[in-house]
Student: 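I am attaching a structure below and will ask some questions about it afterwards.
Just so you know, these numbers come straight off a predicted model, no measurement behind them. Every heavy atom of this structure was used, including side-chain atoms; hydrogens, water molecules and symmetry mates were not.
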Amino acid sequence: MSSENSGQILKINAENKEFKEKIQDLSGEKIDLCFQCGACSSGCPMVQEMDYLPSKIIRMSQLGLKEVLSSKTIWVCTTCFNCEVRCPRGIDIANVMEAIRQVVLRQKFDKVNIDMLTPEELRELPQIAIVSNLRKLTA
Amino acid sequence: MSYSPKIGVWLCECGGNIGDVVDTQKVMDEIKNQVQFVKRERYLCSKPSIDTIKEIIKNEKLERIVLACCTPKMHRETFLKNVIEEGINPAFLEIVNVREQCSWVHKKDPEGATLKSLDLIKGAISRIKESKELHTKQMHVTQEVLVIGGGVAGITTSLRLSEYGLKVHLIEKSPSIGGHMIQYPKVFPTLDCSQCILTPKMASIAQSSNINLKTYSEVKEVTGSPGNFNVKIWVKPRGVDVEKCIGCGECSRVCPVEAPSEYDERIGKRKAAYIPFPQSVPSVYTIDFDNCVRCGLCAANCPREAIDLNDEGKIEELNVGAIVLATGFELFDLTNLVNYGYGRYPNVITSLEMERILDVNGPTGSQLIVPKTGRQVKSVVYVLCAGSRDTEVGQPYCSRVCCLYSMKQAQLLRDRGVDVWINYIDIRSPGRRYEEFYRLTQEKGVNFVKGKVTEIEPNGEQVLVRSEEMMLNKMMENVVDLVVLSPPIISSEDTAKLSEMLKVPIDEDKFVLEKHPKLDPVATKRDGVFAAGAVIGPKDIQSTTAEAEGAAMKVVNFLGMARIIEANKAYLARNELCDGCGKCKKICPESAITIVEDKPVFNEITCSGCGACIPECPQNALDQEGLTDIQIQTQIKGILNDTKAPLKIIAFVEKEVVYTAIDLAGLARLSYASSIRIIPMPSLARIKLEHILYAFSYGADGVMMLEAPIHEGPYGNAHKISEERAEEYKWALEDYEIDSSRLWYSRVYVPDWRKLERIFNTFHEMVESEDPIEGNQRGKILKNLLKIKD
Ligand SMILES: Cc1cc2nc3c(=O)[nH]c(=O)nc-3n(C[C@H](O)[C@H](O)[C@H](O)COP(=O)(O)OP(=O)(O)OC[C@H]3O[C@@H](n4cnc5c(N)ncnc54)[C@H](O)[C@@H]3O)c2cc1C
Ligand code: SF4
Ligand code: SF4
Ligand code: SF4
């Protein structure tokens, strides 16, 4: 949890429920089954670069918190599926990441023009982020 | 002794296990003049050898038998059975352990091993001369059982006992049996219909001819002793003749008074003339005299003239052999935890109230509403550990079933489209099929939040529930229609009262204390009194039933065993010496002694034979069957007299735990000093100062007391007594100018067997380093002892 968010009070309402169901539908994963063991996070090779741990993305999705949409984590995830292999509850976390990316991509806003990126930026950017840039108009 | 019995001694070589170390020929030569018959066998336990023993007993007309072979834990039972067949009384067989205690541990010292074997055999011979026949006795044990409490535990135990053919008196304080379980619509983990599985059992209780069911009754007084309890039952004024009532309900229909229904957790109402629920057993109405206005309408309308509004109740007396406590649990009063607002906010209820609301026949008529306001319920928060696992304001322990029943209720609510949140500290779902049940609950979309709820406040017609969302390090505020609290499961006042009446201790949480929490979980500390179900601690129905079945078996065992008594009991041997001081009664760890007309009376069922009372008697009036003072004394004398061993140590050892450890040391071929000569005792609390003094006077250079840990083994309750006594004995030795270090006391656990080598050797070396005890010093002790005696 990033520090500026801590101390905030969660209030859950119908919108949260709707958002959670959307992620559930898009991913096809039973995220309710997650009991926050943390195995996905401990197996993830990219956690250093993430703002929320994969397990927290799942927890936030369970609670229908839209903050997941603006998380760095979903773009840093390399879809290596290590989390999926580790999860004792059979959840494919990478699918959930993809579902959240989909929700973002479907907003179809365009901030980055891929042609304008410098070679340095291309080297720095996570693959998923670059690929998603190409996908954003088709997703 | 004028009469000298014909004794036969056999020596086993155990292949070479004994024979290769112990010079059996030499042993035979040494003892052949002391007894009628001596023989050596290659394998004493083999069928041909046993047959020869039997043959020779017959031909030589032997009366007492000493077998020098392996540990008695190995073949004693076989030998015993065979010599009994030849008419030998069980008291007239002695086994001398020359394998585990001699050849295996003194391999490097064959001469010492031989001397020691010889001494141990001599000891057994002199002891067996003093043995008296032992007989099993018939005790009067009432073959009837009292079961207190008619929940699932009491029902199960009663049915099982009645099937076995025993007469059972089942006492239930409320108008119907069924307990808590009958209040639930569904039960975890199978979600089957609770009433469907319990009602048939309740009906069997009503129908069994072996069961005397007394509902609306309580136990008032219990006297007597295990095997023979006298019980007074208070049959409360019910206003309805149980025999006449046919359960037609005319009385209830005409009754003008309504009162809260206990069965419906006071959410619903019932009449003052009522039956708690339709399937009640017995199917008999009750007049609630606290609310009855004595209008007489019921009596006038009863077609069976079963109603007596002047009923005053009655006392009935029973005589039973055993008692089973199955009084179950109660729920902690949550009005004590003001922060939850229970009792103040209409939409904060207990889990038990929720069970009733979820019942299709419940007080809200299967509607999901807040009972007090009638408002529809679409969202619910469950507060787990609402007082459990709280050392400050609630109960320190885990109530064990709340996680699971909350998940059960949550599933039932999800099936009806309700949003459910479960706030927990830890989800505890150990037990067969319980983790699966947790998973299923998650699958149904129940929201779990890690973080204990402590704050609840009204929010319009709803309530606001505050907790931490520990996974995200945030606070959470949830506004919902209903809050369900899981109160701690506690033991009842009734149970505390009964425990006093029955002299059964309760633990720090006020639940009935098990005889042994792991190895004897449904027996209590009092003989003949057993317990099952939630009365021993919070638990689910599955464990309750298992305990109930176990308790039934324990009762059967107890009533059966008590008829035949092993003859190892303490008794008043010298009546004329006893002045009725009651010290024996005070020390007895089994409460087996009562003082009647200034003399101790021993309950032979309860006496464990630990022997603790015997040294306690200042008048030397007590003794023990099969282990008399004179037997102990002559055994010591036999071992020590004329021995050629340079150093002699008598080790009194507890005969189950410590003896086993010594056997294991033998099995592992440890090597310790051959000076150690072992004499087994039930508990070291049996040892008198006199025994130790005899040992020194007959030539011992040191004495050891190796006691088992407290509460371990069959005489475990006595084991703490010996420690203090050993201290006293050490001081007393100084009076006889014997250094107190010559008496060793320690406790040995079975896994300690490795340490025995060191313990024995250390003591041996220490004794060896001291100046020898002078002959005249020993003579003085003996003279003194004999003076004490006459
Ligand atoms: C809300 C809730 C839901 C639960 N749901 C489940 C579930 O789904 N599955 C499950 O496995 N377990 C469940 N449990 C646990 C279950 O209730 C217990 O395991 C079970 O009731 C224990 O049975 P018992 O016979 O020991 O005690 P009880 O059911 O408490 O029965 C004791 C009986 O003794 C009687 N009695 C008390 N004092 C006296 C006295 N002095 N003289 C005569 N009679 C007396 C009482 O009236 C009662 O009939 C639940 C518990 C709670 C609180
Ligand atoms: S591994 Fe699976 S169950 Fe564990 S935290 Fe990650 S998603 Fe949840
Ligand atoms: S069973 Fe669960 S809710 Fe109940 S006390 Fe134990 S941990 Fe708390
Ligand atoms: S002290 Fe031991 S031997 Fe004596 S009566 Fe009690 S149980 Fe029996």
Side-chain angles (χ1 to χ4, degrees), chain A residues 1-25 27-42 50-68 70-71 73 87-91 93 96, chain B residues 378-382 384 403 407 410-411 413-415 417-430 434-451 453 455 457 459-460 462-481:
Chain A
M1 207 66 222
S2 62
S3 55
E4 64 267 25
N5 283 335
S6 64
Q8 200 176 300
I9 295 176
L10 293 174
K11 289 189 176 146
I12 310 295
N13 50 37
E15 238 175 84
N16 296 64
K17 212 170 134 185
E18 210 175 286
F19 182 62
K20 166 192 173 182
E21 267 156 26
K22 188 172 193 172
I23 294 177
Q24 207 149 241
D25 283 351
S27 66
E29 296 302 319
K30 286 187 178 158
I31 56 173
D32 277 323
L33 285 178
C34 168
F35 50 20
Q36 288 291 292
C37 69
C40 47
S41 302
S42 68
M50 291 174 170
D51 49 359
Y52 301 109
L53 296 173
S55 53
K56 297 305 163 210
I57 292 287
I58 301 296
R59 180 60 185 153
M60 290 161 83
S61 306
Q62 280 183 334
L63 294 172
L65 303 183
K66 290 211 171 113
E67 279 147 274
V68 291
S70 51
S71 73
T73 299
C87 177
R89 284 297 212 211
I91 300 170
I93 297 91
V96 179
Chain B
K378 296 215 178 75
S379 53
V380 180
V381 165
Y382 275 85
L384 296 191
C403 286
M407 291 197 266
Q411 287 194 33
L413 289 170
R414 281 303 290 148
D415 292 346
V418 177
D419 261 349
V420 191
W421 298 80
I422 295 183
N423 273 82
Y424 64 93
I425 305 176
D426 299 288
I427 287 294
R428 296 187 166 176
S429 53
Y434 289 180
E435 183 59 23
E436 293 81 342
F437 193 71
Y438 175 20
R439 189 174 202 269
L440 187 64
T441 313
Q442 288 185 304
E443 222 168 276
K444 289 200 169 167
V446 172
N447 304 293
F448 286 83
V449 180
K450 185 171 169 72
V453 173
E455 310 308 316
E457 50 192 72
N459 190 296
Q462 294 179 294
V463 266
L464 185 143
V465 184
R466 266 170 79 88
S467 72
E468 187 178 336
E469 207 306 311
M470 301 191 69
M471 296 303 170
L472 297 179
N473 195 19
K474 287 198 176 188
M475 281 308 298
M476 188 158 169
E477 284 180 357
N478 227 336
V479 177
V480 290
D481 300 326

Student: Check this for me: does any side-chain nitrogen of one of B/Glu435 and A/Arg89 sit under 4.0 Å from a carboxylate oxygen of the other?
Tutor: yes
Student: From A/Leu10 CG over to B/Lys474 NZ, what is the distance, rounded to the nearest 0.5 angstrom?
Tutor: 5.0 Å
Student: So what's closer than 4.5 Å to chain B heavy atoms on A/Leu65: side chain, backbone, both or neither?
Tutor: side chain
Student: Is atom NZ of B/Lys444 surrounded by more than 12 heavy atoms (other residues, nucleotides or ligands) closer than 6.0 Å?
Tutor: yes
Student: Given a strict heavy-atom distance threshold of 4.5 Å, which part of B/Glu443 is in contact with chain A: side chain, backbone, both, or neither?
Tutor: both
Student: Measure the spacing between CD of A/Gln8 and CD of B/Glu469 and express it to the nearest 0.5 Å.
Tutor: 12.5 Å
Student: Under 4.5 Å from any heavy atom of chain A, what part of B/Val449 do you find: side chain, backbone, both or neither?
Tutor: both
Student: Within this structure, what is the CG-NZ distance for the pair B/Asn447 and A/Lys20, rounded to the nearest 0.5 Å?
Tutor: 4.5 Å
Student: Any idea which of B/Glu477, B/Met476, B/Arg466 has the most non-hydrogen atom pairs under 4.5 angstrom with chain A?
Tutor: B/Glu477
Student: Nearest 0.5 angstrom please: A/Gln62 CD to B/Phe448 CZ, how far?
Tutor: 10.0 Å
Student: With sequence neighbours left out, what residues match B/Tyr434 under ring pair (Phe, Tyr, Trp, His ring centres under 6.0 Å)?
Tutor: B/Phe188
Student: If the contact rule is any heavy atom under 4.5 Å from chain B, which residues of residues 11-18 of chain A qualify, in numerical order?
Tutor: A/Lys11, A/Ile12, A/Lys17
Student: About how many Å separate NZ of B/Lys450 and CZ of A/Phe35, when rounded to the nearest 0.5 Å?
Tutor: 13.0 Å
Student: How long is the span from the CG atom in A/Leu63 to the CE atom in B/Met471, to the nearest 0.5 Å?
Tutor: 10.5 Å
